[in-house]
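Down below is the structure, laid out as structure tokens.
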Amino acid sequence: MKIASFNINGIKARVAALPDWLDEAQPDVVVLQEIKSVDEAFPREMLEERGYNVETHGQKSFNGVAILSKLPLEDVTRGLPGDDEDDQARWIEATVVGDDLALRVCGLYLPNGNPVPGPKYEYKLAWMTRLQARAEALLAEETPFLMAGDYNIIPQAEDAAKPDNWREDALFRPESRAAWRRLVNLGLTDAFRARTQGPGHYSFWDYQAGAWNRNNGIRIDHFLLSPTVADRLRACQIDRDVRGRDKPSDHVPIWVEL
DNA sequence: ATGTCTCCAGGATGGAGA
């Protein structure tokens, strides 16, 4: 089973690039972030034509996540538990029913958190505390799961081409990275790092300042796997070349093969 | 040194978010 994550930075702006990549990569399941669309305006037909079941958790202008799956989706839930006041569309879950596995797939768009300090950073850290609680609950019930998406976290210096540029940024602040480590240390596996070591592997290049041409990137899109899912990991790769195409998102897809 | 893209309101361009 091939499962991908892709922050598309606006579905309307990616109506050509997204199906092109889907046709080529042929993922069975995809979690999307930053669809920047309400559910009613999401171009589901374009995806259903390709054999995907489509579940969205949209919002006007900002945020918005979705799950696409060629396999049946069950028990879809929207919104990260733990704060009834939070109306930002950043979390969707569904169970993907495969031949020999019922996998809970969690798609997430973790808050950016800048500027630091400030209310947006407080929101990011609070959101990560809720994420931790959700992971603990899934582990406690021994549900096979993965959490994939745009974490807006640079885990280590080697995950940035120019780490010194990010020292004061919400994506790389010690408090942010500590929250990431607490999550991983529950017993989750960073799928990419389970397969590939060393610097130079990025999933995001800013549109500004020629970041792509200079390969000034960061690795912020991640898959975290529960123990039984980690046992099934066969591959994890980043589709880097997607960034060099026409009308690209600033993120590229990352995927796992289970 | 600077550099961009997307969305929306509103009806032109500018602000917000990233």
Side-chain angles (χ1 to χ4, degrees), chain A residues 5-21 31-44 46 56-66 80 85-91 107-128 131 148-155 159-173 175-177 179-180 202-222 238-254:
Chain A
S5 171
F6 192 3
N7 180 326
I8 56 176
N9 189 20
I11 186 60
K12 297 176 191 70
R14 232 58 65 199
V15 286
L18 177 62
D20 284 353
W21 168 74
V31 292
L32 299 175
Q33 302 87 41
E34 285 205 271
I35 65 174
K36 296 186 176 180
S37 165
V38 294
D39 296 334
E40 301 73 38
F42 191 77
R44 52 187 311 126
M46 173 181 87
T56 59
H57 181 34
Q59 179 178 349
K60 190 175 183 177
S61 303
F62 308 120
N63 309 320
V65 290
L80 182 62
E85 306 291 301
D86 184 4
D87 56 4
Q88 298 191 31
R90 296 179 174 277
W91 179 267
L108 68 100
Y109 175 47
L110 206 149
N112 175 294
N114 282 303
V116 180
K120 291 185 177 179
Y121 193 52
E122 296 306 310
Y123 174 63
K124 177 179 194 150
L125 295 176
W127 205 94
M128 294 187 77
L131 178 59
D150 177 359
Y151 280 74
N152 270 314
I153 294 283
I154 303 166
D159 297 310
K162 299 184 177 182
D164 287 343
N165 290 0
W166 297 93
R167 295 287 174 197
E168 302 306 318
D169 195 284
L171 279 62
F172 196 54
R173 288 290 304 160
E175 299 93 327
S176 307
R177 296 164 59 200
W180 163 265
Y202 312 126
S203 66
F204 168 92
W205 295 260
D206 202 292
Y207 288 122
Q208 297 187 69
W212 167 247
N213 288 327
R214 296 163 187 255
N215 195 25
N216 181 14
I218 52 178
R219 191 177 72 91
I220 57 176
D221 298 86
H222 308 297
I238 296 170
D239 282 346
R240 181 184 194 282
D241 65 300
V242 170
R243 186 63 176 80
R245 298 181 185 176
D246 287 343
K247 290 267 292 176
S249 171
D250 40 6
H251 296 249
V252 297
I254 173 173

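Just so you know, these numbers use all the heavy atoms, side chains as well, and skip hydrogens, waters and symmetry mates. Protein chains get the first letters and strands the later ones, always in sequence-line order, with residue 1 at the start of each.
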Distance, rounded to the nearest Å, where [X] contributes [atom1] and [N] contributes [atom2]:
| X | N | atom1 | atom2 | value |
| --- | --- | --- | --- | --- |
| A/Arg214 | B/dA1 | CZ | P | 11 Å |
| A/Trp205 | B/dC5 | CH2 | P | 16 Å |
| A/Ile35 | B/dC8 | CD1 | P | 11 Å |

Taking atom types as modelled, is there a side-chain donor on A/Asn114 or A/Asp169 under 3.5 Å from an acceptor on the other?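 Per modelled atom types, A/Asn114 and A/Asp169 side chains form a pair under 3.5 Å.
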
What distance, rounded to whole Å, do you find between the two [atom1] atoms, one in [N] and one in [M]?
| N | M | atom1 | result |
| --- | --- | --- | --- |
| B/dT2 | B/dT6 | P | 23 Å |
| B/dC7 | B/dA12 | C1' | 16 Å |
| B/dG3 | B/dC8 | C1' | 24 Å |

What string of B, S and - do you get for nucleotides 10-18 of chain B, 5' to 3', if B is base contact, S is sugar-phosphate-only contact and - is no contact with any protein heavy atom under 4.0 Å? -------SS

Kindly say whether A/Trp205 contributes a backbone atom to a donor-acceptor pair with the side chain of A/Arg243 at under 3.5 angstrom?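 A pair under 3.5 Å: yes.
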
Between A/Arg90 and A/Gln33 (side chain of the first, backbone of the second, donor and acceptor by atom type, cut-off under 3.5 Å), is there such a pair?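 Checked: no pair found.
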
Closest-nucleotide mapping onto DNA chain B: is A/Ala209 or A/Lys12 further toward the 5' terminus? I mean the 5' end.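 Here A/Ala209 is the residue nearer the 5' end.
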
Have a look at A/Ala13 and say if it touches a base, only the backbone sugar-phosphate, or nothing, with a 4.0 Å heavy-atom cut-off.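 Sugar-phosphate only.
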
At 4.0 Å (heavy atoms only), tell me whether A/Gly10 reaches a base, stays on the sugar-phosphate, or touches nothing.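 Counting heavy atoms under 4.0 Å across all strands, the contact made by A/Gly10 is with sugar-phosphate only.
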
What's the spacing between A/Lys36 NZ and A/Phe42 CZ if we round to 0.5 Å?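 The CZ atom of A/Phe42 is 14.0 Å from NZ of A/Lys36, to the nearest 0.5 Å.
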
What orientation do A/Tyr151 and A/Trp180 show, parallel under 30°, tilted 30 to 60°, or perpendicular over 60°?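 It falls in the perpendicular class, over 60°.
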
Could you tell me which residues satisfy side chain to side chain donor-acceptor pair (under 3.5 Å) with A/Glu122, sequence neighbours excluded, listed by chain and number?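 Per chain and number, A/Glu122 pairs via side chain to side chain donor-acceptor pair (under 3.5 Å) with no residue.
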
State whether A/Arg14 places a side-chain N or O below 4.0 Å from either non-bridging phosphate oxygen (OP1 or OP2) of B/dC5.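 A/Arg14 to B/dC5 OP1/OP2: no side-chain N or O under 4.0 Å.
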
